[in-house]
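Here's the structure, in structure tokens; my notes come after.
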Amino acid sequence: MTAEPTRIRVAAAAPYDVVIGNNLLGELPGLLGEGVQRVAVIHPRALRTSGDAIRDDLTGSGYTAHAIEIPDAEDAKTAEVLAYCWSVLGQAGFTRSDAIVSIGGGTTTDLAGFVAATWLRGVTVVHIPTTLLGMVDAAVGGKTGINTAEGKNLVGAFWEPAGVLCDLAALETLPRNDYVSGLAEVVKCGFIADPVILDLVEKDPAGAAGPSYDATEELIARSIQVKADTVGADLRERTTTAGRAIGREALNYGHTLGHAIERVERYKWRHGAAISIGMVFVAELARAAGRLDDATADRHRAVLESLGLPVTYRADAWPHLQDAMKLDKKTRADRLRFVVLDALARPTILEAPDPSLLIAAYAEVS
Ligand SMILES: NC(=O)c1ccc[n+]([C@@H]2O[C@H](COP(=O)([O-])OP(=O)(O)OC[C@H]3O[C@@H](n4cnc5c(N)ncnc54)[C@H](O)[C@@H]3O)[C@@H](O)[C@H]2O)c1
Ligand SMILES: O=C(O)C(=O)C[C@@H](O)[C@H](O)[C@H](O)COP(=O)(O)O
Ligand SMILES: [Zn+2]
């Protein structure tokens, strides 16, 4: 007997489910909806076999299925790859009643989501994330986009999927480094909203660093719930600061410095590794600003290090990182804005911190 999949609803304008389980392909036609004739399956080379299996399935169900193979990892999130996808869709005659399916990690779902948002000003997309990071974060919530030389995700759109299918079997083939990178976003959800996540990781960090941990499914479901609740309350990241409450920006915890590191590394680093350092940095920043207690600040380094994630970066990179942070999406005019914690699970915004605080915080991670 197969266990029933877990379903987490995302309260978008058109609400959709994130489904967590095994063998979920049977759900795909229902998500594509009525009237779809052509489906483009966008996947990286590493997932060609899975892409082919989906196309065979779709063909068997009467669709005309096209493959669009894209480069691996961040090399997919470029204007050139976007234009290539548009040209395949154009040549295959894709209309507004046709659809896109993405299968891959967060880079694939970000790119494919943006293709769907822009083709004919928006067509249906279903995401099938195959990395931990894709399942708990990238495929959920409708942020799509690409990088430019100037910064991470600088061009994009909000475009919600019709559904997200997380087949846990995909995690079995994921390289350990990529699994651990996804755990950075899981830990992020623990710090900003659901501390039970931190308890589950701390109970057995060596076990938690792989998909066969007995709490893996709970970690995934809890993280998706945090993401679904947060985006459901602020789909377009419009709640910046209303009193102490912040909206979707909370999900950007650790990303101000993290994205800057990714740019300095010319997008060759895994996202989660950069975000890990970014979270330790903002914990130190909050501590230096007198906002966060020592125990919670120290807990960041301890939990991330216990998973094998990096917590330090090159001291000499600071000027370049500062430059990159100026183009962070939370920045307003020349005022940097950081998501920090006032306490565990109490995210807020620290606006235009004194440069001495930034230098002190960076000294702690370099
Ligand atoms: N849109 C959002 O809300 C959001 C949220 C978080 C992160 N992101 C973005 O997600 C991206 C990172 O995603 P990622 O960490 O999944 O990286 P990724 O997409 O580069 O995947 C990591 C690697 O794993 C391979 N892979 C994927 N699935 C596999 C599987 N099942 N078995 C074996 N190999 C597999 C890929 O080919 C790649 O080499 C970043 O660009 C980041 O900016 C977006
Ligand atoms: O969904 C969100 O909102 C997030 O901030 C989630 C992040 O983990 C993710 O990396 C996102 O792509 C960052 O968004 P950006 O707008 O800072 O590029
Ligand atoms: Zn992220």
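Just so you know, these numbers come straight off a predicted model, no measurement behind them. Numbering of ligands and ligand atoms starts at 1, following listing order.
Because the distance cut-off is set at 2.8 Å, E185 qualifies as a neighbour of the Zn ion (ligand 3) through one of its N, O or S atoms.
Listed by number with element, the atoms of ligand 1 under 4.0 angstrom from any heavy atom of A170 are 30 (C), 31 (N). Close approach of ligand 1 to L47 (heavy-atom distance below 4.0 Å) involves ligand atoms 27 (C), 28 (N). Every atom of ligand 1 with a heavy atom of D178 under 4.0 Å away is listed here by number and element: 22 (C), 23 (C), 24 (O). Every atom of ligand 1 with a heavy atom of K227 under 4.0 Å away is listed here by number and element: 3 (O).
Neither the backbone nor the side chain of H259 has a heavy atom within less than 4.0 Å of ligand 1.
Residues D137 and K227 are paired through a salt bridge, judged by an N-O separation under 4.0 Å between the basic side chain and the carboxylate. Salt bridge present: R301 and E284 bring a charged side-chain N and a carboxylate O closer than 4.0 Å. Electrostatic pairing of E237 and K330 does not count as a salt bridge here, judged by no charged N lying under 4.0 Å from a carboxylate O. Salt-bridge annotation for E249 and K143: absent, with no side-chain N of the basic residue lying under 4.0 Å from a carboxylate O of the acidic one.
Here the shortest heavy-atom distance to atom 4 (C) of ligand 2, taken over D234, T230, L251, belongs to L251. Closest heavy-atom approach to atom 13 (C) of ligand 2 among the candidates V136, V231, N252: N252. Residue A138 holds the heavy atom nearest to atom 4 (C) of ligand 1 of all those in A138, G105, A274.
Checked against a 6.0 Å centroid threshold, the rings of H127 and Y16 do not count as neighbours.
Below 3.5 Å of separation, one finds an N or O of G106 facing an N or O of ligand 1.
Atom 3 (O) of ligand 2 has R248 NE, 2.7 Å as its closest protein atom, hydrogens excluded (heavy atom only). The protein atom (non-hydrogen) at minimum distance from atom 21 (O) of ligand 1 is T131 CG2, 3.7 Å.
In this structure, E262 falls outside the shell of residues with a heavy atom less than 4.0 angstrom from ligand 1. For P175, the closest heavy-atom approach to ligand 1 falls below 4.0 Å.
The aromatic rings of Y362 and F281 stand perpendicular to each other, their planes meeting at an angle above 60°, with 30° marking the opposite boundary.
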